[in-house]
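Comments concern the structure below.
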Amino acid sequence: MDNNLSLYNTLSRKKERFEPINPPFAGLYVCGPTVYGDPHLGHARPAITFDLVFRYLQHLGYKVRYVRNITDVGHLEADLDEGEDKIAKKARLEQMEPMEIAQFYADRYFVFMEALNVKRPSIEPRASGHIIEQIRMVQKILDAGFAYEVNGSVYFDIEKYSKTHEYGKLSGRVLDDLMTNSRMLEGQDEKHNPADFALWKKAQPEHIMRWPSPWSDGFPGWHLECSAMSARYLGEFFDIHGGGMDLLFPHHEAEIAQCQAALGHESVKYWLHNNMVTINGQKMGKSLGNFITLEEFFTGSHQALKQAYSPMTIRFFILQAHYRGTIDFSNEALQATEKGLKKLMNGYETLQKLIPSSLPGIQHPASGIRELAASCYNAMNDDFNSPGVIANLFEMVRIINSVNDKKETISAEDLELLRSTMKTFLLDILGLKDENSGDQSEKINGLMELILVIRQKSRETKDWDTSDQIRDTLQKLHISVKDGKEGSTWNIE
RNA sequence: GGUUUCGUGGCCGAGUGGCUAGGCAGCGGUCUGCAAAACCGUAUACAGCGGUUCGACUCCGCUCGAAACCUCCA
């Protein structure tokens, strides 16, 4: 399978040609949500970023297995001495079973991801369903001599590992710094070295989420689930592992070490990381009062928002920036995005009713469509440069409108290429969809036809009061009427 | 303090060692009963300071600024 795709590998810090291990198959693993709270922008960005990767690989013809986990095992909360975990804490506060919490927020996550038109991955495994795999992996690491047990808990031995392998190569950490830095934090620690991380943790008596293991009744360390589940569903060596940059250290660094220790080799060929989001230039945080959930974006029900922003506006906004750059959400930027998206979707609608000109020799022939299509591929092949694709799509819309205005002409061949290219990139790869066309029933179409006929009559008699009243009233119902040379058109906004 | 990512015109945001990104807003036109949409034209730019080069926004160094991580939190 030929491709010219290159992608930025965090491990090598440069763009590399994408050469899958077992073509035509491609394996993609992405760190999914911890389901103890409502989905927000921090969930939307990686989901959309890797949805783009998923869609493009599929478009190139790969048989992609996309695995994105659901973290439903409680992990310890840092600021509590009690050793309570996030999901259990939420469960206690809301008087629910921990799995009830996990189920509730997982469902919320799915609903909002669907609204954003994020495709469901091939497999969405849950950490709680793979305790056995995780226990086996801990045992393998113990057997290999890279871990030790203390009081029923098992820790990864960084010092031992570092003698033969480079811990910190993904994130650029230097081990000595880690040790000296971490050493400052005193505590009644079971760990031999502060930089060590837990593979298995013995549960405190009040800890509800627990499973039996050879070492204790307890729960797996956070980093373990991704290693265990990726190995199970994608094999011990697979193509792409993705996630947010915030996961670089320690999470992904630990995954590399675990796999190396347990399997004797690394498990990931390409590491991809999306950058973070900010809101009005600030990081999003509950204490800053700018923590905005997706539901609040969609309904506009947050004081920082001047209006509601539709799921497609959010999606388009994220795709308008390259995934490795930071992205700042502001009302001004979102409003601009909303207009741009509308222009794009209107253009796509216009394209459907465009007619090729059969007359030869007309001036200003629309041209360059082949180049624009190639340019879209070049952009995607250059590390998934969606903003580059979008710029080309806007150029296509300009051609579409010019042809529609009879200012340019287009051949049947070019029109067909234009249609297929627009559909491929706008709908299939970028995953944008028309949010307003869903509710146009036959009844509404019939009514609108009637109304426009009546209005046209009033216009012919220059009864502007009546024609304007109709247009204004419809506008209040979010139905906009536009008068053109060939009659009036309408659409729901 | 360390590691990492980044700093482009009013706003957002690509890209390149010398050649127009694109969107939104603005200005001037065309079209139009008016409006909207659309099309055409147009101003404003590469954080700062050095260096490499015939030439840097693009490479190197430093400074300033922002974000993430450095918390058995996922």
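Protein chains get the first letters and strands the later ones, always in sequence-line order, with residue 1 at the start of each. Computed over heavy atoms, backbone and side chain alike; hydrogens, waters and symmetry mates excluded.
- The residue Tyr8(A) sits close only to the backbone: its heavy atoms come under 4.0 Å of sugar-phosphate atoms, none of a base.
- Nucleotides G13(B) and G9(B), compared at atom C1', are 12 Å apart to the nearest Å.
- When each of Arg324(A) and Ser467(A) is assigned the nucleotide of RNA chain B bearing its nearest heavy atom, the one mapping closer to the 5' terminus is Arg324(A).
- With both ends at atom C1', the span from U32(B) to U8(B) equals 38 Å, rounded to whole Å.
- A47(B) and U63(B) make up a base pair, with Watson-Crick or G-U wobble contacts both under 3.5 Å.
- Here the two rings, on Phe317(A) and Phe329(A), have centers that are under 6.0 Å apart.
- Heavy-atom neighbours of Gln469(A) CD from other residues, nucleotides or ligands within 6.0 Å: at or below the threshold of 12.
- Checked by distance alone, Arg471(A) brings a side-chain donor or acceptor within 3.5 Å of a matching partner on the base of A35(B).
- Classified by interplanar angle (parallel below 30°, tilted 30° to 60°, perpendicular above 60°), the ring pair Tyr109(A)/His43(A) is perpendicular.
- Taking the C1' atom of each, C27(B) and G61(B) are spaced 42 Å apart, rounded to whole Å.
- Under the Watson-Crick and G-U wobble criteria, each requiring two contacts below 3.5 Å, nucleotide C24(B) is paired to G10(B).
- Taking atom CE on Met245(A) and atom P on C69(B), their separation rounds to 12 Å, with Å as the unit.
- Projected onto RNA chain B by closest heavy-atom contact, Asn392(A) and Leu248(A) fall at different nucleotides, the more 5' of which corresponds to Leu248(A).
- Following rounding to the nearest Å, Glu253(A) (CD) and C70(B) (P) show an atom-to-atom distance of 13 Å.
- Annotation: side chain of Asp382(A) is in contact with side chain of Lys15(A) (closest heavy-atom distance under 4.5 Å).
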For nucleotides 37-40 of chain B, list the nitrogen or oxygen atoms of the protein found under 3.5 Å from its nitrogen or oxygen atoms, one pair per line.
from, atom 1, to, atom 2, distance (Å)
A38(B), O3', Asn401(A), ND2, 3.1
A38(B), O2', Asp405(A), OD2, 2.5
C39(B), OP1, Asn401(A), ND2, 3.4
C40(B), OP1, Arg398(A), NH1, 2.9

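- Look at CG on Leu247(A): it is 14 Å from P on A68(B), rounded to the nearest Å.
- Taking atom NE2 of His251(A) as the reference point, atom P of A68(B) lies 19 Å away to the nearest angstrom.
- Counting to the nearest Å, the P atom of C11(B) and the CZ atom of Phe329(A) are 19 Å from each other.
- Taking every heavy atom of residues 272-279 of chain A and every atom of RNA chain B, pairs under 4.0 Å involve Asn275(A), Met276(A), Thr278(A), by number.
- If you check every strand for non-hydrogen atoms under 4.0 Å, Arg455(A) touches a base.
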Restricting both atoms to N or O, compile the protein contacts to nucleotides 12-19 of chain B shorter than 3.5 Å, with distance only.
from, atom 1, to, atom 2, distance (Å)
A14(B), OP1, His322(A), N, 2.6
A14(B), O3', Asn385(A), ND2, 3.1
G15(B), OP1, Asn385(A), ND2, 3.2

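- Rounded to a whole angstrom, the distance from the P atom of C46(B) to that of U5(B) is 25 Å.
- Following rounding to the nearest Å, Ile470(A) (CD1) and G33(B) (C1') show an atom-to-atom distance of 15 Å.
- Ring orientation note: the planes of Tyr56(A) and Phe384(A) are nearly perpendicular, at an angle over 60° on the 30°/60° scale.
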- Run the numbers on Asp483(A) and Arg455(A) for salt bridge (Lys or Arg N to Asp or Glu O under 4.0 Å), then give the verdict. CA-CA 11 Å; Asp483(A) 302 326; Arg455(A) 178 161 176 275; 2.9 Å; yes
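- The C1' atoms of G28(B) and A45(B) are separated by 23 Å, rounded to the nearest whole Å.
- In this structure, Tyr155(A) and Tyr148(A) have tilted ring planes: the angle between them lies in the 30° to 60° band.
- Spacing between U16(B) and A56(B) at atom C1', rounded to whole Å, works out to 10 Å.
- Atom P of nucleotide U5(B) and atom NZ of Lys14(A) are separated by 14 Å, given to the nearest angstrom.
- Across the strands present, U30(B) finds its partner in A38(B); the criterion is a Watson-Crick or G-U wobble pair with both atom distances under 3.5 angstrom.
- Among G33(B), G23(B), C69(B), the nucleotide with an atom closest to any side-chain atom of Asp246(A) is C69(B).
- Looking at Trp200(A) and Ser213(A), their side chains come closer than 4.5 Å, going by heavy atoms from C-beta outward.
- Between Phe197(A) and Tyr167(A), the two ring planes are parallel [angle under 30°; tilted spans 30° to 60°].
- Spacing of C1' atoms, C54(B) relative to A14(B), comes out at 29 Å, to the nearest Å.
- Of the residues Ile479(A), Ile451(A), Leu452(A), Val481(A), the one that meets the side-chain contact (heavy atoms from CB on, under 4.5 Å) test with Arg471(A) is Val481(A).
- Distance noted for atom P between C11(B) and G29(B): 27 Å (whole Å).
- Between Ser480(A) and Trp490(A) there is no side-chain heavy-atom pair separated by less than 4.5 Å.
- Of the residues listed (Asn275(A), Asn274(A), Asp383(A)), the one engaging Tyr323(A) in a side-chain hydrogen bond (donor to acceptor under 3.5 Å, both in side chains) is Asp383(A), and it is the only one.
- In this entry the distance linking CZ of Arg45(A) with P of C6(B) reads 12 Å, nearest Å.
- A centroid separation of less than 6.0 Å is found between the aromatic rings of His252(A) and His273(A).
- Under the Watson-Crick or G-U wobble criterion, with both distances below 3.5 Å, U3(B) is paired with A68(B).
- A side-chain contact (heavy atoms from CB on, under 4.5 Å) with Pro220(A) is found for one member of Glu133(A), Gln134(A), Glu225(A), Lys201(A) and no other, namely Gln134(A).
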